[in-house]
There are 2 protein chains.
Amino acid sequence: METSSESAAIAALRLFQAGARLEEKFAAGLGAVHGLSLKDALLLMHVADAEGGRLSRIELAKLLAVSPSTVTRTTAPLEKRGFLGRESHAHDARFAYVVLTKAGQRAVADAEATFTRLAADVFSDRWAAAEIETLGSLLGRLA
Amino acid sequence: METSSESAAIAALRLFQAGARLEEKFAAGLGAVHGLSLKDALLLMHVADAEGGRLSRIELAKLLAVSPSTVTRTTAPLEKRGFLGRESHAHDARFAYVVLTKAGQRAVADAEATFTRLAADVFSDRWAAAEIETLGSLLGRLA
DNA sequence: GGATGATGTTTCCATATGGAAGTAATATGG
DNA sequence: CCATATTACTTCCATATGGAAACATCATCC
C-alpha cells in the first residue's frame, strides 16, 4: 500500500510538471500560427468535435475545466473575430449555444493541424507508437 | 506517421484535461489542510527534496514551471508565516536561497502526507500498481 | 397558475500570473 | 582596471481567472 501510494504521488507530480511544460510549448506554437491561445484552440476544437456542432457554455466550461465566466470572456473575442456564432435552443431560451462559423471551421482546421504537429514533435524523440498509445489510454482514465 | 501523430495529439489533449482535473482536486485538498495552495505545497516539497536543503529562486521557477516573479511573490508570504528562510551564497551575493525553517519542515511533512493521500485516492479506482508505475514512468520522460 | 427553486449566462471584483523594466552583483573582454 | 554583458532577484503593469452576485428563463410543487 505504501509503495503504491508513493508511486501515485510521483505520477501526480510528474503529471503537473509535464502538463505545465506542454502548455508552454503549445501556447507558443499555436500563438504563432493564428494568434490563438491554447485555450482558444481547445475551445474551437471541442466545438468542432461536438455532437451537432454546438455546445452550451456550461458544457464547454466542464470540457475545458474552467469557470463559466471564463467561457463567456473567451468566446466574446472569438465571436468578434468571426470564428464563433450563437444559436438558441428551440424550447429553452436560456441556452446560448456556441457554434463555428465558416471562418471558424477553417481556423479550427489549421489549429488542429498545428496541435497535431506540436504533439508529434513532443513525442518525436525516443517514443514508440505503442508507448504513446499507452500514455493516452492511461490518461484517458483520469479525465 | 498519421496514426502516430493522431495518438500523440490525443495523449496531449488528455494530458491537459487530466492535469486540470487533478489540479482542482489537489488544490481543494491541500487548501483544507493548512491553507496552502498547490503551488505553495509543491514549492515546499521541492525545497525539502533539494540537494543541500536549499534552492535558488531561479531553480524553483524552472522546477515549478512559473516565472521568477511568481516565485518571489509566492515565497514572500511563506517567509512571513515562518515556513521559509533566506540563505546567502558564500561567494555570490546575488543568490538568495530558499530554505525551510523548522516550522516549514513540519508543514511540508503534513503537506506531503496529504499530497500522497490525494494521489492514492485518484488511483484508488480500478488502477493496478503496475499501471500507476507505467504512467509515472512515461510522464517522467515528458518532464 | 403563482411562488419557489434550479439552470444558463453575464457582470463585477479580488486575486494570480507573466513579461518588461529596474536593481544589485558577478563575469568577461579589451 | 574599466566598460560591457550576464545573472539573480524584485517591482510594476497589463492581462487572465474564479467566485459571488445579478439577471433571465425554465421546472416543480402546492
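Convention: sequence-line order gives letters A, B, ...; per-chain numbering from 1. The figures that follow rest on heavy atoms only: side chains count, while hydrogens, waters and symmetry mates do not. If you're wondering where the values come from, they're calculated on a predicted model, not measured in any experiment.
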Task: E79(A) CD - dT10(C) C1' separation (whole Å) - done: 12 Å

Open item on the list: Once you measure the plane-to-plane angle for F95(B) and Y97(B), does it fall in the parallel (<30°), tilted (30-60°) or perpendicular (>60°) bin?
Closed with: parallel

Task: T70(A) and S67(A): side chain donor to acceptor below 3.5 Å - done: yes

Task: Atom-pair distance (CG on L38(A); P on dA16(D)), nearest Å - done: 14 Å

Task: Candidate nucleotides dA8(D), dT17(C), dT9(C), ranked by approach to the side chain of R94(B) - the nearest - done: dA8(D)

TODO: May I have the distance from F95(A) (atom CZ) to dT10(C) (atom P), rounded to whole angstrom?
DONE: 13 Å

TODO: Grab the NZ-C1' distance between K62(B) and dT7(D) for me, whole Å please.
DONE: 10 Å

TODO: With the side chain of A93(B) defined as its heavy atoms from C-beta on, choose the nearest nucleotide among dC9(D), dA25(C), dT9(C).
DONE: dA25(C)

Open item on the list: Nearest to the T74(A) side chain among dT26(C), dG19(C), dT17(D), which nucleotide is it?
Closed with: dT17(D)

Open item on the list: Salt bridge or not between E79(A) and R57(A)? Use side-chain N to carboxylate O under 4.0 Å.
Closed with: yes

- [ ] Between dT17(C), dA8(D), dT9(C), spot the one nearest the side chain of T72(A), thanks.
- [x] dT9(C)

- [ ] State plainly whether the residues D121(A) and K25(A) are in salt-bridge range, i.e. N to O under 4.0 Å.
- [x] yes

Open item on the list: How many whole angstroms separate atom NZ of K39(B) from atom P of dG18(D)?
Closed with: 13 Å

Task: Interatomic distance where CZ belongs to R57(A) and P belongs to dG18(D) [whole Å] - done: 16 Å

TODO: Take atom CG of L84(A) and atom P of dT9(C), then tell me their distance rounded to the nearest Å.
DONE: 13 Å

Task: I58(B) CD1 to dG19(C) C1', straight-line distance once rounded to whole Å - done: 13 Å

Open item on the list: I want to verify a distance call: between dC9(D), dG18(C), dG18(D), whose nearest atom is closest to the V66(B) side chain?
Closed with: dG18(C)

TODO: Inspect the surroundings of CZ in R54(A) and state if more than 12 heavy atoms from other residues, nucleotides or ligands are less than 6.0 Å away.
DONE: yes

Open item on the list: Check this one for me: any side-chain N or O of R73(B) less than 4.0 Å away from OP1 or OP2 of dG19(C)?
Closed with: no

- [ ] Ignoring the backbone of P68(B), work out which of dT10(D), dT26(C), dT17(C) is nearest its side chain.
- [x] dT10(D)

Open item on the list: Measuring from the side chain of S67(B) (C-beta onward, heavy atoms only), which nucleotide among dT9(C), dG18(C), dC9(D) has the closest atom?
Closed with: dG18(C)

Open item on the list: What's S69(A) touching, base or sugar-phosphate or nothing? Going by heavy atoms closer than 4.0 Å.
Closed with: base

